[in-house]
Amino acid sequence: MSDVLKIKKPVEEGITEFLKFLLEKNKVKGIFTLRKAGKTDSFSYSLITDVEEIKNAAPLTPIMPANAGQLLSSFTLEDAIKEPIAVVIRPCELRAFVELTKRTQANMENIYLISSTCAGVFPLKSAQNGKFSQLLPKYWEAAKKSEVLASLRPTCTACEHFVPALADITISVVGNKNLTEECSLHLNTSKGEELAQGAPGNKTTEKLNDKELAQLKELRLKEREKLFASVNDKNLGLAGLVKTFAPCLSCHGCRQVCPICFCTLCDFDSKTHEDTASHYQSELNQKGGARVPSGTIFFHTGRMIHMAVSCVNCGMCSDVCPADIPVATLFSMVGESLQKLFDYLPGRDLEEPAPSETFIENEFAGLGE
Amino acid sequence: MDKDFKPNIVGFLCNWCSYAGADLAGSNKLEIKPFLSVVKVMCSSRVNSNLVLTSFLWGADGVLIAGCHPGDCHYEKGNYYARRRFALLKKIMESLNLEPQRLQLSWVSASEGKRYAEVVNKFAEDITKIGPSPFRKNQNL
Ligand code: SF4
Ligand code: SF4
Ligand code: FES
């Protein structure tokens with residue numbers, strides 16, 4: 001049970017009104033949210049401090065131009081933000097933000113976290129043909145009914161962690177039959193309560209809609225199985241891996257947009273792994289041929305070793321890949337196996353150390369035989 | 001099975017235990033299969049997974065990581081981290097179906113010369129049975 005603020009407006013209008021209230025009443029100095037950029041269907045994350053500008057906010061638009069966790073890290077890395085802001089982000093973005101904070105790459109101080117039970121986002125491409133708005137009625141219908149839209153980002157169709165952990169306020173979206181009439185804000189923490197103090201709307205107490213959430217989870221888990229099977233059907237192995245990454249152009253865009261890949265100088269860009277003429281020579285001697293550029297399999301498996309245990313399944317990497325390689329599906333699949341191994345869920349708890357940074361003395365007792 | 005197949009195995013041995021164990025096996029003139037290229041590291045925790053990956057990519061048929069028994073690491077905790085890292089890498093190889101049997105972790109102390117010989121011989125035998133690594137001939141890495 002939590003306190004709930006109900007605003008008699010369609011969900012996106014309602015939350016926008018709430019954000020406006022926060023700025024007007026000086027509860028926060030800024031809002032971090034998606035904003036319409038220009039007349040077309042383009043959206044970008046923005047920090048808004050001007051009340052007038054709130055009309056362009058698009059907090060629940062189902063698109064993710066960047067993982068917001070990464071963006072929040074970019075301006076809280078050096079120091080905590082000085083004045084309070086409220087952020088409206090999706091559960092996987094929040095989890096990335098937590099992972100980065102854990103690794104001292106971000107700071108959560110002075111930040112009010114607003115998230116939603118998430119119905120997913122569309123691939124970035126769907127907002128590039130001028131027809132994005134036509135997708136929205138169907139999206140909200142599916143959200144209401146706890147259904148999975150096949151046109152979403154593949155990782156979204158298969159995401160089971162769509163109820164935010166650690167949010168101060170959760171906007172009820174998934175399976176919420178009234179979302180075209182009212183906006184329900186679940187106040188999970190005292191910070192959430194504090195924000196909603198004096199806000200327009202009615203207060204009640206209720207639980208999140210467990211039944212509808214469970215229904216979506218079940219559907220998503222089924223999709224997950226199918227999705228993983230799609231990258232695993234050739235049974236992978238070296239041959240499968242080579243085939244999957246054959247079209248990779250080594251742009252490293254997948255890493256660039258990954259919120260978990262935070263290193264300033266990536267190991268795979270460093271001189272350590274630069275292939276010299278003599279390396280190519282020995283490849284040629286040994287194998288009679290070598291791929292140029294080399295290091296594709298090394299890069300992807302190496303990146304997996306470094307971060308897959310913290311993969312939040314956001315799908316950014318697949319979405320930006322110019323070669324349409326299902327990077328996110330592979331990373332999610334491997335990530336899940338690692339998370340099971342270490343009983344770890346990225347972003348669920350600020351105090352839970354990342355698996356590589358800790359150990360338990362008597363674990364894995366069978367290893368080392 | 002190719003009878004002439006001589007596996008190429010990379011062995012990362014920690015300076016304080018396993019390398020000393022190897023030394024002891026040598027001075028006791030124990031028979032050890034000659035397939036292991038030894039890389040001495042100060043501690044099993046020095047074995048960054050990229051080193052293992054590079055070994056495979058450059059054609060190793062097997063990789064052995066050997067260090068002090070849990071509790072005996074010269075740096076106290078190094079091998080606990082090494083064990084986690086190993087478990088992670090092994091799981092990734094498993095998930096990608098990359099023949100995880102080619103990777104092994106063994107604890108060998110400085111006084112376990114005999115155990116060292118057994119571990120190496122057994123691993124060499126296993127790898128010989130599995131055959132050459134598919135990385136060896138793959139031109140598309
Ligand atoms: S974004 Fe695609 S093409 Fe670029 S490095 Fe990643 S997998 Fe390769
Ligand atoms: S690997 Fe891909 S899906 Fe996983 S966190 Fe990084 S960008 Fe998101
Ligand atoms: S010194 Fe031998 S494992 Fe650390």
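Applying the 6.0 Å contact sphere to CZ of A:R291 captures more than 12 heavy atoms from other residues, nucleotides or ligands. When the shell of 6.0 Å around OH of B:Y19 is examined, it contains 12 or fewer heavy atoms from other residues, nucleotides or ligands. Remark: A:Q286 CD is packed, more than 12 non-hydrogen atoms of other residues, nucleotides or ligands lying under 6.0 Å away.
Interatomic distance, CG of A:D267 versus CG of B:N48, reported as 6.5 Å (0.5 Å rounding). Atom CG of residue B:L57 and atom OG of residue A:S294 lie 9.5 Å apart, to the nearest 0.5 angstrom.
A side-chain donor-acceptor contact under 3.5 Å links B:W107 to the backbone of A:L367. With hydrogens and angles ignored, the 3.5 Å screen pairs a side-chain donor or acceptor of A:K287 with a backbone N or O of B:N138. With hydrogens and angles disregarded, no donor-acceptor distance shorter than 3.5 Å links the side chain of B:K77 to the backbone of A:F359. Of the possible donor and acceptor atoms, one in the side chain of B:S106 sits under 3.5 Å from a partner among the backbone N and O of A:E369.
Residue contact with chain B, scored on non-hydrogen atoms closer than 4.5 Å, involves the backbone of A:E357 exclusively. For B:R115, the part lying under 4.5 angstrom from a heavy atom of chain A is the side chain only. Contacts of A:L330 with chain B are made by side-chain atoms alone, with heavy-atom separations under 4.5 Å and no backbone atom involved. Interface remark: A:T301 contributes backbone and side-chain atoms alike to the contact with chain B (heavy atom separation under 4.5 Å). Contact annotation for B:P70: neither backbone nor side-chain heavy atoms come within less than 4.5 Å of a heavy atom of chain A. Using a 4.5 Å cut-off between heavy atoms, A:L341 contacts chain B through its side chain alone, with no backbone atom that close. Within the 4.5 angstrom heavy-atom criterion, no atom of A:F299 approaches chain B.
Under the ring pair (Phe, Tyr, Trp, His ring centres under 6.0 Å) criterion, A:F245 pairs with A:H300, not counting sequence neighbours.
Contacts with chain B were tallied for A:G240, A:P355, A:G302; A:P355 has the most, counting heavy-atom pairs under 4.5 Å.
Residues of residues 83-99 of chain B lying under 4.5 angstrom from chain A, judged on non-hydrogen atoms, are B:R83, B:R84, B:F86, B:A87, B:L88, B:L89, B:K91, B:I92, B:S95, B:L96, B:N97, B:L98 in numerical order.
Within the 4.5 Å cutoff, the side chain of B:Y81 has no heavy atoms near those of the A:T358 side chain.
Contact between B:S49 and A:I305 at its shortest, heavy atoms only, is CB-CG2, 3.6 Å. Pairing each heavy atom of A:E361 with each of B:Y80, the nearest pair is O-CE2, 3.6 Å.
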*I would like to know whether A:H279 and B:W58 meet side-chain contact (heavy atoms from CB on, under 4.5 Å); could you show each step before the answer?*
CA-CA 9 Å; A:H279 168 72; B:W58 290 8; 3.2 Å; yes
_The test is side-chain contact (heavy atoms from CB on, under 4.5 Å); show your working for B:L141 and A:F298 and say whether it passes._
CA-CA 7 Å; B:L141 310 175; A:F298 182 54; over 6 Å; no
